[in-house]
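The structure displayed is predicted, hence computed values, not measured ones. Protein chains get the first letters and strands the later ones, always in sequence-line order, with residue 1 at the start of each.
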Amino acid sequence: MNRDVLVIGGGIAGMQASLDLGEMGFQVHLVERLPSIGGKMSQLDKTFPTNDCAL
Amino acid sequence: MSGDTEKTAELNTKDARIGVFVCHCGSNIAGLLDCAGLAEYASGLPNVVFTKNNLYTCSEAGIAEIMNAIKEHGLTRVVVASCSPRTHMPLFKSACAEAGLNQYLFEMANIRDQCSWVHAQDRDLAMVKAEDLIRMAVAKARFLEPAEDIESSLVRRAVVIGGGVAGLSAAGALADMGMEVILVERQAELGGLLRRINRIGPGGEKASELVGTLVAEFKSKPRAKALLESEVSAVSGVVGNYEVTIRDKSGELQTETVGCIVVATGALPFTPEGLYGYNGKNVITQIELEEKLRDGTLDAKRVVMIQCVGARSPERTYCSRICCQTAIKNALYIKELNPEAYVHILYRDIQMYGTDNERTLWDSRGKGVHYDVYDVGRPPVVKDGVVEVYQPLLGEVEQIPFDLLVLSTPLVAPEDAQEVANLMRIPVDQNRFYLEAHAKLRPLDFATDGVFLCGTARYPATVGEAQAQGLGAASRAATVLFKDKLVASALISQVTERCDGCGACVELCPYHALSLEEYEQDGQKLKRNKVDKMLCKGCGVCAATCPKGGVVVCGFTRTQLQAQVDAALEAA
Amino acid sequence: MDVGRHPKIRLLAYSEIEKIDGEMGNFHITVRKKARYVDEKKCTGCGTCAEKCPTVTSDAYNLGLGKAKAIYKYFAQGIPSAYTINANVCRQLQGKKCGVCAKVCQAGAIDYKQQEQIIEFDVGAIIVATGYDLFDATKIPEYGYGRLPNVVTALEFERFLSASGPTHGHVYRRSDLALMDALPEAEKSQQKAAKGLEQLEKKGGMSSADFYAKYEAGELQGEEYDKWAEQVKVSRAATEKLEAMKAKVDQIEGAHRLAFIQCVGSRDIRFNKYCSGFCCMHAVKEAIIGLEHDRDAEVYIFGMDIRAVGKNFEEYRNRGAGSGIKFIRSRVAEIYEDKDHTPILVYEDTKERQVKQLPVDLVILATACQPSEGIVKMAATVGIETNDFGFIKTASYPPLSTSRPGVFVCGCAVSPMDIPESVAQASSAAARAAQVLSGSETERLAS
């Protein structure tokens, strides 16, 4: 049983899943198609309903 | 240098050897400020023995420079003038530690977020401000003291409060991951609201089957244990070591020590007494309809449903998310039982969000379910067996006779939600649902460490959503429970000899980290403040309150802050 | 940030999954790491290369609204912070001579010879979190997207609102933006013409005005004078044009009247029948922020239902209504424009039972959330099925499982959803993966 995990996609869901698993102590391999992670959320200015800055 | 000499050197404020690193941050800072000039300015400050400006201090090269400078120049303090501490402080601190310098002898000046990013209009004034910020950081750095992170052990066990679908999900997942789990359920059986409903949308599975599956799975896990007809009566402690007292139906108490707690206490359907002629007989709620459908006791031929009863109103401002899905699911089931049945849904907005739901909506229209919108300003009026509603599309009032009127009401938080919240010092929002740490990015966490949230206790959710959230809460708890030890910052409150036990600060601590302890001195019984190191977050309310200097926050002592203020006013 | 720094997360950016073999507990993964032509370890992200790069192309991050260079960083705070060369437009990589970035790079990070790398490793579980793409609104010709300049998509509007976007947070009509963009060119032309005149004036020993008067009077004849006269005409035309443009640009105010149109490509029998979940709230948010940027703005949201179903969403929507957003229950039929590029909406107001027309400054289309463009290929590579909506197929129990054991899915790859739900689901998928890695999933499947 290999205890590494592959996460495909570095948007908000992929990042959160990676962080949870990393914190649990598993080795995560996060693969992202674009030159940087962040996904669609990085293109947003602010998010509802708190109007927090998206980054 | 030997260990002892190092220690003495670190503590020495008068002869502190401070290194200042000014970051360009690409063009983020250097685009406005003259970083070489700032480094030069820093070199003229007292105790500064080394300065450097670099392109990206957070890069590998930048970190290497810090570490080399510490070793080569015997630095006993490091100041980085760059971005916000929230970005890279941990990185810089660990660089110092790696080079042999205590990580708490590190200070930052934020010349990006608080300077170059916000003062682009006036370069000259921005330079002055940057110099001020650096001068202040250097002044404080002299008075920094070494400290050690606070470590604590943790118990690899969890308590899940609530045995509905979310709680069962969370408990099952935690058990699978190797934790011992205790599930506390107030009723005599597991399953929560699932026991009352008929079928689960959109697939139409029988709820009783899912309950069976969930309970059987739960029971098959040796590490999971359920305490039925029990309630949590007290909680004390801190993440890693919570003491949870559970009271069973006979009043017996037992205390379990756990590392984390998951709140899955659910919500209940609202009973709309006094609204739309509710009588529990031919004017009923959706949950009552579910029970009729489940028990096979429905015999109505003309069913009218009204959405948003007691919701999206001044008393309950929220949309309960699941009621449109529930109504349509039940409408379709009624049509399945009797294709000739007349079913009419009156709504304000049809909240069939997402893929499956929207398809179900279209299917239901195809199967002959009638839909009409009503205006919140002119809601339907219920007379004897007839619903009168103004039709905006026709401009007329329509009369709709019914055998059964079903009112879709919201899920509401249980009456004792606030009491349960108080047990764990977690907040509730204006609708008495528990308030998570961050609405977007931490939907299953609480600000209180080690306590997590899932299911309808958080907000109305479908069975699928509650299950997923239960898993999510288990994952969040696992990020704590999988660790070997917990580490907390040393920047917390410390009691000094000046404390005379007046207790003014104790009341005000938002984290309940302070208490008064008794001690004896010269035959006298005295009191003084005591800080729980794991609970304290170093917020400073106590230090700001105390008029005697009886409690201070490490890293923000009077001396340190005074030095900063003096430095700030120097050039003025 | 946390992801980039985490000791247990190995980030393979600018990479794609090539192959997945094996089974739950023992998957063998092959990843193709594309060539950035920049050494990630050396690049400090300083940006000098992009500053000096001579090739300008359109900016994908800003959805083509801004400009980028052939060597670029996807966005300023991106992780990894290394730059990337777009091989399709880079002169050097296209075989022409350049090499400017390599010359100016102080870290020596440019590597035109960089190759793709194949990276292989083993894992016990897989999580698919590939997100979504947006509907192409040109498919609805009656809305005029792509033809009418002042009809934009919600994500494009997001970039307008953003302080780090192409307009630094100012909301303008796109037709006005085009005017402002054209000004520098017009200025250049005018200056060039004026310079040309200067030369001739020096040679001729008199001002162009004097010369032209004499020329018109017929006092000066000859080819040289004809050329001068031509140049005078050209210069005068350029100056007139520039003055006219400047006058127009001076009059430009922001876009005051905003109309948001919901369900563009969603709940639509021609395209996606389903609901995209977050666009109602997204429009309310953009409307509220639009009002923050411009308190006098007139803002309309046209929708069939306003789906504010999440926590605090209804309260947020009420706040929007309180701030002045007008909600109109309607599905807009058509958008056309007048000679000033002012978009005009044709719609039926269902509350008042009338067909109306409404001129506005900017129309924002809430385009549908669709399965990612490459989802069919990706699903095939990963060995999982898609459902009839085109998203990744999941079972209802246990949650987030795909058709292949050991592979889980979360977020918009499953179905349109907002951020809190995506984040919660991500944790859920992590729990599922942890169940696998703890051995219990094997037990469950065996039973």
Charged N-O contact under 4.0 Å between [X] and [Y]:
{"X": "Glu421(C)", "Y": "Arg321(B)", "answer": "yes"}
{"X": "Glu358(B)", "Y": "Lys273(C)", "answer": "no"}
{"X": "Arg307(C)", "Y": "Asp349(B)", "answer": "no"}
{"X": "Arg359(B)", "Y": "Asp388(C)", "answer": "yes"}

Is there a side-chain contact between [X] and [Y], using heavy atoms and a 4.5 Å cut-off?
{"X": "Phe389(C)", "Y": "Asp356(B)", "value": "yes"}
{"X": "Ile269(C)", "Y": "Trp362(B)", "value": "yes"}
{"X": "His438(B)", "Y": "Val423(C)", "value": "no"}

Notebook entry, point to check: In Å, rounded to the nearest 0.5 Å, how long is the span from CD of Glu314(C) to CZ of Arg316(B)?
Noted result: 13.5 Å
Check: How long is the gap from CG on Leu471(B) to CZ on Phe408(C), to the nearest 0.5 Å?
Finding: 9.5 Å
Next item on the list: Without swapping roles, check the side chain of Arg476(B) against the backbone of Ser427(C) for a donor-acceptor pair under 3.5 Å.
Entry: no
Check: Minimum heavy-atom separation for Ser438(C) to Asp176(B), with atom names?
Finding: CB-O, 3.3 Å
Margin query: Test: salt bridge (Lys or Arg N to Asp or Glu O under 4.0 Å). Region: residues 425-434 of chain C. Which pairs qualify, not counting sequence neighbours?
Written below: Arg432(C)-Glu441(C)
Notebook entry, point to check: Quick one: side-chain contact (heavy atoms from CB on, under 4.5 Å) partners of Glu385(C), sequence neighbours excluded?
Noted result: Lys393(C), Ser403(C)
Notebook entry, point to check: Which residues pass the side-chain contact (heavy atoms from CB on, under 4.5 Å) test with Asn357(B), sequence neighbours left out?
Noted result: Gln325(B), Met352(B), Tyr353(B)
Margin query: Just to be sure I understand the criterion: a residue of residues 453-462 of chain B counts if one of its heavy atoms is under 4.5 Å from a heavy atom of chain C. Which ones qualify?
Written below: Arg458(B), Tyr459(B)
Next item on the list: Please flag which part of Ala478(B) lies under 4.5 Å from any non-hydrogen atom of chain C: side chain, backbone, both or neither.
Entry: neither
